[in-house]
Structure formats: structure tokens, C-alpha cells
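This structure is a prediction, so every number in the text was calculated from the model and none was measured. Read the numbers this way: they start at 1 and go in the same order the structure lists the ligands and their atoms.
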Amino acid sequence: MSATIIDGKAFALKVRGKVADHVARLKADHGITPGLAVVLVGSDPASEVYVRSKGKATNEAGMKSVEHRLEADTSEADLLRLIDDLNNDVTIHGILVQLPLPDHLNEDLVINSINPAKDVDGFHISNVGLLGTGQKSMVPCTPLGCLMMLREQHGSLSGLDAVVIGRSNIVGKPMAQLLLGDSCTVTIAHSRTKDLAETVRRADIVVAAVGRPEMVPGDWIKPGATVIDVGINRLDAPERGEGNTRLVGDVNFASASEVAGAITPVPGGVGPMTIACLLANTVTACSRANDLDEPEGLTA
Ligand code: NDP
């Protein structure tokens, strides 16, 4: 069997199109422009790239984008003051503090100082609790993107066996909550799971969020299963010339795509959906803040 390749790039463009449509309606009908503020502390090169692409995507969707770049030695008090200003700024509907933060800053304290209604990353403890109890919340972008792709692939997920490999707060745990919310039977696997291969073999849906290059081989996959590969691992690729690298996921794409029913590639799968869902969360936050209808198909 050769799997259907789930084209995350194309799907993300569709999501971004829906966001732009909703933004245009908010502007035309209500005179409201959704605004996203991104805060970057320090100059980590990978974070710089993410922040730039988030700003560009926000502008392309017709939203207001604000970037706050702070020195690496910014004090916690100054950062908290900025977040407080953004919490009180009615033109800002989403606030994202780019992680990781420099060591002297308490990440939990900083994230939990964001107004939960503007927490478009979905990391605030209130949003974690709301998601865990099945209530309306801001949902972390990467798992939200995975859920959207799974719904598109399957329609209803009800009753399906799902295995999430990885139990991080930003991917594994919220992913499991979302799948449970859609009535899957969910197993969360991690580094202490006893027989991972057998656990994965039972699953109709496999979400791999580990950070270990190609650790899930094709013979772990149940024939016809849907495989969502969240992992992003950069490997040396001397075959492409000195100093070159290539990206691979947590799943061995070559062997898994022979067995799976559908699979996301790396790159071009989950990655593009993450930014699309950040935009979706911002327009959702803006709609909620103004007591307006939420955009259809862009929330959990
Ligand atoms: P973390 O390092 O926070 O979590 C990794 C998880 O994998 C942990 O729960 C760990 O278990 C588990 N794990 C480690 N080794 C094994 C093993 N041998 N068998 C089973 N489970 C194992 O990673 P993240 O959740 O932040 O990210 C996971 C991957 O997803 C990374 O490659 C990251 O780059 C990528 N990512 C991609 C995004 C995108 O937009 N596409 C966004 C976010 C992340 P334990 O808890 O027991 O240690």
C-alpha cells in the first residue's frame, strides 16, 4: 500500500485563506482589525526566524502585527510590565512570547502573566485547565493543526484508537486532550513506555512528537493508519555537499508510507500548520473579545 500524503503546506494555505476572509469581514462589518503582538527576548537565531515569519504571515492575513524585541538581559519586571501593557491594549488580541526565554526569566511566571483570552499559544495554566476539562480555551497551535488535518482526513474521529508518542506540555498532552475531546481512545506513550512497537501497532492514528530522527519504523504502523509526524530533526547531509543538512521527522517516512493509509511528510506536513493555527487563534481571540461569531472550522 502507498499512503496518501497529507499536504500540510496546501492545507495551511487553505486555513490562512479562511483566516484572511474572516479578518476581511471583521474589518468591513465591524471596523475591527485583529492584532498580534510577538515578544522576543534576546537574539536566538532560530527564534528570530520564527518571529519574522510569524510577523509576515500576520500581515499577509490582513492583521496588525507588532514585534517587541528586548535585550537578552531584560529584567523580569520589565518583561512583565510590557505584557501588562499588551494585556491592556485593546488593539492587541493575541500575545505570544517566543520561547525559550533566557535562563534568568521564569517561563511559567511570564506565560501566566498573559491575559488567558489573549494567550494565542494556549500555554497559560487557565487554558490548559479549560482544555483538560473540555471547555472553550485557546488551544496550542501545533496540536490544533494536527487535529484539523486528522478531521479533514477522517471526518469523525469518534471511536478510533489513537497513540500520541510524547507527553510534552506543548504538543503531546494537549494533542491527547484534543483527541479525547473528539472521542478517540487515547494512549499517551513516552520514554518509559514498555512495548512502544506493540502500542503503536494497535493505533488507527499515530501522532509522533518525540524529537528522535526516524525512530518510528514502518513495521510499527497498523496498515491503513493515519500518521502525523510532528518531529523536526536536522541531520547532516554530506551527500548534498559539505556542511549541508536535511530535515527528517520522528517517523521513517520511506517505510511508514508503504503501510500507512495517510501520512504527513517532514518538511511540509505539521510545520506549516503551526503558523496557520497561530493566525487562526488570533482571529478567534479577536472574535471572542468582541462577542462576535467565531470563525468556522478554525477552532477545536
Ligand atoms: P519534548 O522534548 O518536550 O518531549 C519529547 C517527548 O518524547 C517526551 O515526552 C519524551 O518522554 C518522549 N520520548 C523521548 N524519547 C522517547 C522514546 N525513545 N520513546 C518514546 N518517547 C520518547 O519535545 P516537544 O514535544 O517539544 O517536541 C517534539 C518534537 O516535535 C521535536 O522534534 C520538536 O522539534 C517538534 N516540534 C514541531 C513543531 C512543529 O511545528 N512541527 C512544534 C513543536 C515541536 P519523557 O517525557 O518520558 O521524557
Side-chain angles (χ1 to χ4, degrees), residues 5-13 15-16 38 44-47 49-54 57 96-101 107-108 111 120-123 128 131 138-150 162-179 186-203 206-217 219-221 227-235 245-253 256 263-281:
I5 310 300
I6 302 174
D7 185 343
K9 240 178 168 167
F11 194 49
L13 278 179
V15 171
R16 287 168 67 160
V38 178
D44 174 63
S47 296
V49 173
Y50 290 137
V51 167
R52 255 198 312 279
S53 50
K54 283 168 186 171
L96 182 151
V97 177
Q98 185 65 46
L99 302 178
L101 289 172
E107 240 167 56
D108 288 340
I111 296 304
V120 282
D121 253 343
F123 296 160
V128 175
L131 178 63
M138 296 308 303
V139 175
C141 303
T142 301
L144 178 59
C146 296
L147 181 75
M148 284 183 188
M149 290 195 282
L150 285 166
V163 169
V164 179
I165 318 176
R167 56 175 164 178
S168 72
N169 290 336
I170 63 166
V171 189
K173 283 181 200 155
M175 186 72 246
Q177 297 284 7
L178 289 171
L179 291 167
V186 185
T187 303
I188 307 176
H190 46 78
S191 66
R192 309 293 168 91
T193 297
K194 270 199 204 126
D195 192 347
L196 187 58
E198 269 316 302
T199 304
V200 174
R201 273 188 199 113
R202 287 196 297 271
V206 180
V207 180
V210 182
R212 286 178 166 251
E214 301 180 319
M215 76 162 254
V216 178
D219 67 3
W220 289 12
I221 305 295
V227 178
I228 305 288
D229 191 352
V230 181
I232 301 177
N233 309 288
R234 193 170 283 285
L235 299 183
T245 58
R246 66 190 171 98
L247 291 182
V248 298
D250 290 340
V251 176
N252 183 304
F253 184 83
I263 186 167
T264 59
V266 178
V270 175
M273 285 299 288
T274 298
I275 286 198
C277 287
L278 172 66
L279 305 178
N281 277 349

For ligand 1, does [X] get within less than 4.0 Å through its side chain, its backbone, both, or neither, judged by non-hydrogen atoms?
X      : value
Thr142 : side chain
Ile170 : side chain
Thr274 : side chain
Arg212 : side chain

With a 4.5 Å heavy-atom cut-off, do [X] and [Y] have their side chains touching?
X      : Y      : value
Leu279 : Arg16  : yes
Leu196 : Trp220 : yes
Met273 : Lys9   : no
Val15  : Met148 : yes
Lys173 : Ser168 : no
Ile228 : Val270 : yes

Atom indices of ligand 1 within 4.0 angstrom of Gly166 heavy atoms, with elements:
6 (C), 7 (O), 9 (O)
Under 4.0 Å from any heavy atom of Met215, which atoms of ligand 1 are there?
19 (N)
Quick one: side chain to side chain donor-acceptor pair (under 3.5 Å) partners of Asn281, sequence neighbours excluded?
none
Do Thr187 and Thr199 pair up side chain to side chain, a donor and an acceptor below 3.5 Å, judged on atom types alone?
no
Looking only at protein heavy atoms, which one is nearest to [atom], and how far off is it?
atom                    : result
atom 16 (C) of ligand 1 : Val210 CG1, 3.7 Å
atom 36 (N) of ligand 1 : Val230 O, 3.7 Å
atom 33 (C) of ligand 1 : Ile232 N, 4.2 Å
atom 29 (C) of ligand 1 : Gly211 N, 3.7 Å
atom 44 (C) of ligand 1 : Val171 CG2, 4.0 Å

Gly172 near ligand 1 by a heavy-atom separation under 4.0 Å:
no
Hey, is Ala189 one of the residues with a heavy atom under 4.0 angstrom from ligand 1?
no
Proximal candidate to atom 17 (C) of ligand 1 [heavy atom criterion; set Ser191, Gly271, Gly249]
Ser191
Could you work out, for atom 8 (C) of ligand 1, the closest of Met175, Arg167, His190 by heavy-atom distance?
Arg167
For Arg52, side chain to side chain contact (heavy atoms under 4.5 Å, CB included) partners two or more places apart:
Glu48, Val49, Arg69
Are Val216 and Ile221 close enough, and set up right, to give a side-chain contact (heavy atoms from CB on, under 4.5 Å), and what steps lead you there?
CA-CA 8 Å; Val216 178; Ile221 305 295; 3.9 Å; yes
Give yes if a backbone or side-chain nitrogen or oxygen of [X] is under 3.5 Å from a nitrogen or oxygen of ligand 1, and no if not.
X      : value
Ser168 : yes
Arg192 : no
Ile165 : no

Shortest non-hydrogen pair, Ile275 vs Ser53, comes out as CD1-OG, 3.6 Å
